[in-house]
Asks: 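Let me begin by handing over the structure; questions about it come next.
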Amino acid sequence: MQLHRILETKQANAMKVADTLHNYFRGEVHASEIEALSVYCAYALYKAQQLSSSNLPEIETVLGTMKGNENIYYFLEPKIKEHWKCVNSNYGRFSSESLAEFILLSFIADRGFIEVTPASIISLSLTLLDICDGERVADFGTGTGAFLVNAFLKNNAAKYYGVELDASMSAISSIRAELLGNSVTIEQNDMFKCAEKEEPFDKIFSNYPFGMRLKNMRGGLSYMEKLSETYPNISKATSSDWIFNSLLVSSITDKGKAVGIMTNGGTWNSIDRPIREYFVRRGFIETIIALPEKIFTTTAIPTTLVVFSHRNKRIRMIDAREICQKGRRQNEFSESNIAQIASALTKDSDISKSVDIMEIEEKEYAINPMRYLEKPFKIENGEEFGNVIVSITRGAHFTATQLDEMASSEPTNILFLKLSNIQDGLIDKKLPYLKELDTRYKRYYLKTGDLLISKNGLLPKQDITDGRPNNEQRARSVFASFKIAVADVKANTSIIASTNIYIIRLDESKVNPHYLKAYFESEQGAIALNRIAAGAALPIIGAEQLKKLIIPVPDLETQQKFVERYLAKADEIRQLKYQLEKAQAALKNMFGGM
């Protein structure tokens, strides 16, 4: 069998095998099992035809050929026995070459058997890793072996190793490795056992599990204990992403390279700051690539691809969120997209920038590319927000049960301000009443003139229908909106704010609260808030980042003249809304007056 020729041409006969076997199982088993069972039976057919080209050998004889690989035999034996009729009815229908091609290529296209790495992520990773002849290449958490098959197709002169803990996926990848030959080895094991290997790898790829809890990481727990001797402030709160990343870095050669795919949260959150600092300062990070949404079929979690190597004095930041072919259910990279990202590795552009360690340190070791690629606005009379702040606190935290107990159906002089009570920069005239509160809550009471900013932002729905947006459109499309208001507390009334609202008491000898409200509601102010917001799915502003924000602070006379015009326009809008509400109410009651 000329295996290399078959793989290079990817003959269409594989699709005939797929259609036949899928149709056989359709209606007989659950849809999620069809792809896997088709591969198992195709492998049994392949082994049977290696034994005899005329008559189907006995089942025990076919199974006996699998005993040399425990990963395959012990998992497949009951499957093959249960579905031997499929093997019997399809024996001799396909050539060994067609069966091998189907087995090797079926999961690359991800037909829904189990979660596999998207083909375009594999292609991008292979471009980044640039595997050379003779190198030792590993896939930690190899799954069904899609990366190894693609890597082999690109360079069959390297040595490949895959480790996978799950028995079903290990069986699939072992079957495929057998067909590829002696240059591919699969081990069913915990990937953290690789830390015990004496010889490191030249190249590593890992699409490790997202958001795994440390208690479920098996060997990861003992590995983390060893890490704690080297890595500062590592704890059980550290994201599992960075435990996996540590394994990758410790498993490559001095001149090696590894690619890992992590969730976005670990690139900016405060919990992982110490370990990010450790990685950055020791030069372990070469490139960070922000990936498009919906690049994975099984999760909507925003993801980031990281290239690890040694002795990096700068980090290349690439924002590839819009560099893709958009699909209804899944986005993917085309060859030209991958070429564009590869080009961004060597030169600065709208989507790429080389950043030194000092700049990363200034940003609290956040390493999400968007922090470094937005062009700053020139702000006249700029000053740090913290210089005009007397105090900044968050509102009171109450559980739903507590609020139910505290709520009053009768009017009281204590009102509760929720985030939903702020609409279009205005606080609802009617707020929920609360019963008398303990004196310890008085520190959360608002004062007239307090600037209120929501801690969390709301992302708009994106609707881009005329091709890929330009840079300005792209920036606006991902803007999160933060609610802004200025407190106005009536006499003999107290208002207590909820915990997701920042209460900012200003030095009004320096700045007018309404002036700052107008600034943060402007496009320039919205961009400023988005720059310091962390998190893609739920943008969050930190108090310290808010204090460091540069804001325009002209003289008070200039501010006052602006505020007068601003409040006049705001009052005009308020009157128009009132008239609109009256007209809508009249419209609903028109039939009552007939």
Side-chain angles (χ1 to χ4, degrees), residues 374-392 415 417 419-431 446-455 457-458 460 472-473 475-476 479-491 493 495 497 501-533 541 546-584:
E374 298 223 353
K375 295 179 180 178
F377 279 104
K378 183 179 179 181
I379 298 178
E380 295 184 5
N381 304 302
E383 189 169 345
E384 278 197 7
F385 193 12
N387 293 340
V388 299
I389 293 176
V390 174
S391 66
I392 178 169
L415 307 175
L417 174 64
L419 203 55
S420 58
N421 295 128
I422 301 175
Q423 298 294 335
D424 299 324
L426 300 175
I427 297 174
D428 291 344
K429 290 183 178 180
K430 293 183 179 181
L431 298 176
L446 302 183
K447 290 185 178 180
T448 295
D450 284 346
L451 181 67
L452 310 177
I453 300 180
S454 62
K455 176 175 174 283
L458 179 66
E472 184 179 355
Q473 291 169 331
R476 281 201 294 265
F479 267 7
S481 58
F482 292 87
K483 292 191 174 183
I484 317 290
V486 174
D488 183 13
V489 184
K490 306 300 182 186
T493 301
I495 301 176
I501 298 174
Y502 282 120
I503 305 167
I504 304 172
R505 201 144 291 162
L506 299 167
D507 182 349
E508 295 191 34
S509 67
K510 295 180 180 179
V511 67
N512 187 306
H514 292 283
Y515 176 80
L516 282 188
K517 176 180 182 288
Y519 170 69
F520 286 123
E521 287 176 337
S522 71
E523 183 177 4
Q524 186 171 333
I527 291 173
L529 289 175
N530 273 261
R531 280 183 180 152
I532 63 170
I541 294 177
L546 202 54
K547 290 178 184 178
K548 294 177 182 177
L549 193 65
I550 303 299
I551 59 169
V553 186
D555 60 82
L556 277 174
E557 184 180 352
T558 301
Q559 292 182 46
Q560 186 59 36
K561 289 180 179 178
F562 174 86
V563 167
E564 288 173 3
R565 299 197 308 273
Y566 171 80
L567 291 178
K569 186 60 67 176
D571 187 61
E572 181 181 338
I573 293 172
R574 194 178 292 108
Q575 292 298 323
L576 289 171
K577 284 185 176 181
Y578 175 71
Q579 292 176 24
L580 177 62
E581 289 171 1
K582 282 184 62 178
Q584 288 174 332

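Every heavy atom of this structure was used, including side-chain atoms; hydrogens, water molecules and symmetry mates were not.
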Asks: Please walk me through it: do I532 and L546 pass side chain to side chain contact (heavy atoms under 4.5 Å, CB included)?
Replies: CA-CA 7 Å; I532 63 170; L546 202 54; 3.9 Å; yes
Asks: For a side chain to side chain contact (heavy atoms under 4.5 Å, CB included) check, start with the C-alpha distance between L516 and L506, then their side-chain angles and the critical distance, and finish with the verdict.
Replies: CA-CA 10 Å; L516 282 188; L506 299 167; 4.0 Å; yes
Asks: Within this structure, what is the CZ-CD1 distance for the pair F520 and I453, rounded to the nearest 0.5 Å?
Replies: 4.5 Å
Asks: Could you walk me through whether H514 and V486 pass the side chain to side chain contact (heavy atoms under 4.5 Å, CB included) check?
Replies: CA-CA 7 Å; H514 292 283; V486 174; 3.8 Å; yes
Asks: Are the side chain of S454 and the backbone N or O of F482 linked by a donor-acceptor pair below 3.5 Å?
Replies: no
Asks: Checking Q559 side chain against N512 main chain: does a donor-acceptor pair fall under 3.5 Å?
Replies: yes
Asks: Specify the closest pair of heavy atoms between A485 and I422, including all atoms of both residues, with the distance to one decimal.
Replies: CB-CG2, 4.0 Å
Asks: Go through the steps for L549 and L529 under the test side chain to side chain contact (heavy atoms under 4.5 Å, CB included), then give the verdict.
Replies: CA-CA 8 Å; L549 193 65; L529 289 175; 4.2 Å; yes
Asks: Looking at I501, L417, D488, which one forms a side-chain contact (heavy atoms from CB on, under 4.5 Å) with L446?
Replies: L417
Asks: Between I550 and G382, what is the shortest heavy-atom contact and its length?
Replies: CG2-CA, 3.8 Å
Asks: Relative to each other, are the rings of Y515 and F562 parallel, tilted or perpendicular (30° and 60° limits)?
Replies: perpendicular
Asks: Is Y519 reaching over with its side chain to a backbone N or O of A526, donor-acceptor style, under 3.5 angstrom?
Replies: no
Asks: Pairs under 3.5 angstrom only: tabulate donor-acceptor contacts from the side chains of residues 424-431 to other protein residues two or more places apart or in another chain.
Replies:
unit_1 : atom_1 : unit_2 : atom_2 : d
D424   : OD2    : K577   : NZ     : 2.8
D428   : OD2    : N421   : ND2    : 3.2

Asks: Nearest 0.5 angstrom please: R505 CZ to L451 CG, how far?
Replies: 11.5 Å
Asks: Drop me the distance from N381's CG to D555's CG, to the nearest 0.5 angstrom.
Replies: 7.5 Å
Asks: With rounding to the nearest 0.5 Å, note down the distance linking CD in E508 to CG in L556.
Replies: 9.5 Å
Asks: Grab the two heavy atoms, one from K483 and one from L419, that are nearest each other, plus how far apart they are.
Replies: NZ-O, 3.1 Å
Asks: Which atom names give the shortest non-hydrogen contact between T448 and V489, and what distance separates them?
Replies: OG1-N, 2.9 Å
Asks: Locate the shortest heavy-atom distance separating Q524 from I379; write the atom from each residue and the value.
Replies: NE2-CG1, 3.5 Å
Asks: May I ask you to check whether over 12 heavy atoms, not counting those of E557, lie within 6.0 Å of atom CD?
Replies: no
Asks: Does this structure show an ion pair linking D571 with K569, if we count only N-O contacts that are shorter than 4.0 Å?
Replies: no
Asks: For residues F385 and I551, report the shortest heavy-atom separation together with the two atoms involved.
Replies: CD1-CD1, 3.6 Å
Asks: Got a second to check how far Q584's CD is from K582's NZ, nearest 0.5 Å?
Replies: 13.0 Å
